[in-house]
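Any value given below was found using the heavy atoms of this structure, including those in side chains, with hydrogens, waters and symmetry copies removed. No experiment lies behind these values; they were computed from the predicted model shown.
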Amino acid sequence: MDQTLRAFAALLDPNPSLPPGEEQRRASNLLPVVVSRSGMHWLPAPETPNGTADKLVVGVATWSGRDLKLLDELTHFAASHPGIRISVFDVDRIGGEFERFIPGVGEVLQTPVVGRWSGGVLVESGTGQAGREIARNLMAQPAPAAV
């Protein structure tokens, strides 16, 4: 396993020594490792928002360059907004059970799948471009002032 891999977009870097199907399995296997190094949290199973937490849940496809680029952007946001928990899951690993991760998200035709909680309450969810906009609107928030 590549211990130096840091950027999510690099998961799609071609590896000429691997057949395409094996490259995809490699990317899927490395996703939780890269998430753990990013300041975000890997979400292998649905988690219940607790208390008054603010969080963003993002389901991505490791074969989508746009999804991986969004995770790279969220990595920078997570570093400057430690009060917002960002959890990531692989849409190909959950067997289409999107509602268990993001209640009310509805039919998923495009990735990413995104839900945002504020004060422990789900306030918005979306997929595809709408999901990216939810994440980018959250990232547009200024960093909290240093105390």
Any link between Trp63 and Val108 through a network of hydrophobic side chains (Ile, Leu, Val, Met, Phe, Trp, Tyr) touching at under 4.5 Å? no
Decide, yes or no, whether a salt bridge links [X] with [Y] under the criterion of side-chain N to carboxylate O below 4.0 Å.
{"X": "Arg136", "Y": "Glu133", "value": "no"}
{"X": "Glu23", "Y": "Arg26", "value": "no"}
{"X": "Lys69", "Y": "Glu73", "value": "yes"}

Of Val57, Val58, Thr127, which meets side chain to side chain contact (heavy atoms under 4.5 Å, CB included) against Pro112? Val58
Run Gln24 and Thr62 through side chain to side chain contact (heavy atoms under 4.5 Å, CB included) and show every step you take. CA-CA 7 Å; Gln24 187 54 53; Thr62 56; 2.4 Å; yes
Show your reasoning for whether side chain to side chain contact (heavy atoms under 4.5 Å, CB included) applies to Leu71 and Asp67. CA-CA 6 Å; Leu71 290 181; Asp67 287 3; 5.9 Å; no
Are side-chain N/O atoms of Asp90 and Ser28 paired as donor and acceptor at under 3.5 Å? yes
Distance-only polar pair, side chains of Gln110 and Arg66, donor-acceptor under 3.5 Å: no
Answer yes or no: is there a side-chain heavy-atom contact under 4.5 Å between [X] and [Y]?
{"X": "Phe8", "Y": "Val60", "value": "no"}
{"X": "Val105", "Y": "Val113", "value": "yes"}
{"X": "His41", "Y": "Val35", "value": "no"}
{"X": "Trp117", "Y": "Asp54", "value": "no"}
{"X": "Met139", "Y": "Leu70", "value": "yes"}
{"X": "Leu56", "Y": "Phe77", "value": "no"}
{"X": "Lys55", "Y": "Ile86", "value": "no"}

Parallel, tilted or perpendicular: which fits the ring planes of Phe89 and Phe101, with parallel below 30° and perpendicular above 60°? parallel
Could you pull out the closest heavy-atom pair between [X] and [Y], with the gap in Å?
{"X": "Ala78", "Y": "Gly39", "answer": "CB-O, 4.1 Å"}
{"X": "Ala27", "Y": "Leu11", "answer": "CB-O, 3.6 Å"}
{"X": "Ile134", "Y": "Ser125", "answer": "CD1-C, 3.4 Å"}
{"X": "Ala79", "Y": "Pro82", "answer": "O-CD, 4.3 Å"}
{"X": "Glu99", "Y": "Gly104", "answer": "OE1-N, 2.6 Å"}
{"X": "Val123", "Y": "Ser118", "answer": "CG1-CB, 4.0 Å"}

Take Leu31 and Trp42, measure what side chain to side chain contact (heavy atoms under 4.5 Å, CB included) needs, and give me the verdict at the end. CA-CA 9 Å; Leu31 181 63; Trp42 178 245; 3.6 Å; yes
Side chain to side chain contact (heavy atoms under 4.5 Å, CB included) assessment of Leu74 paired with Met40: CA-CA 8 Å; Leu74 283 167; Met40 296 186 286; 3.8 Å; yes
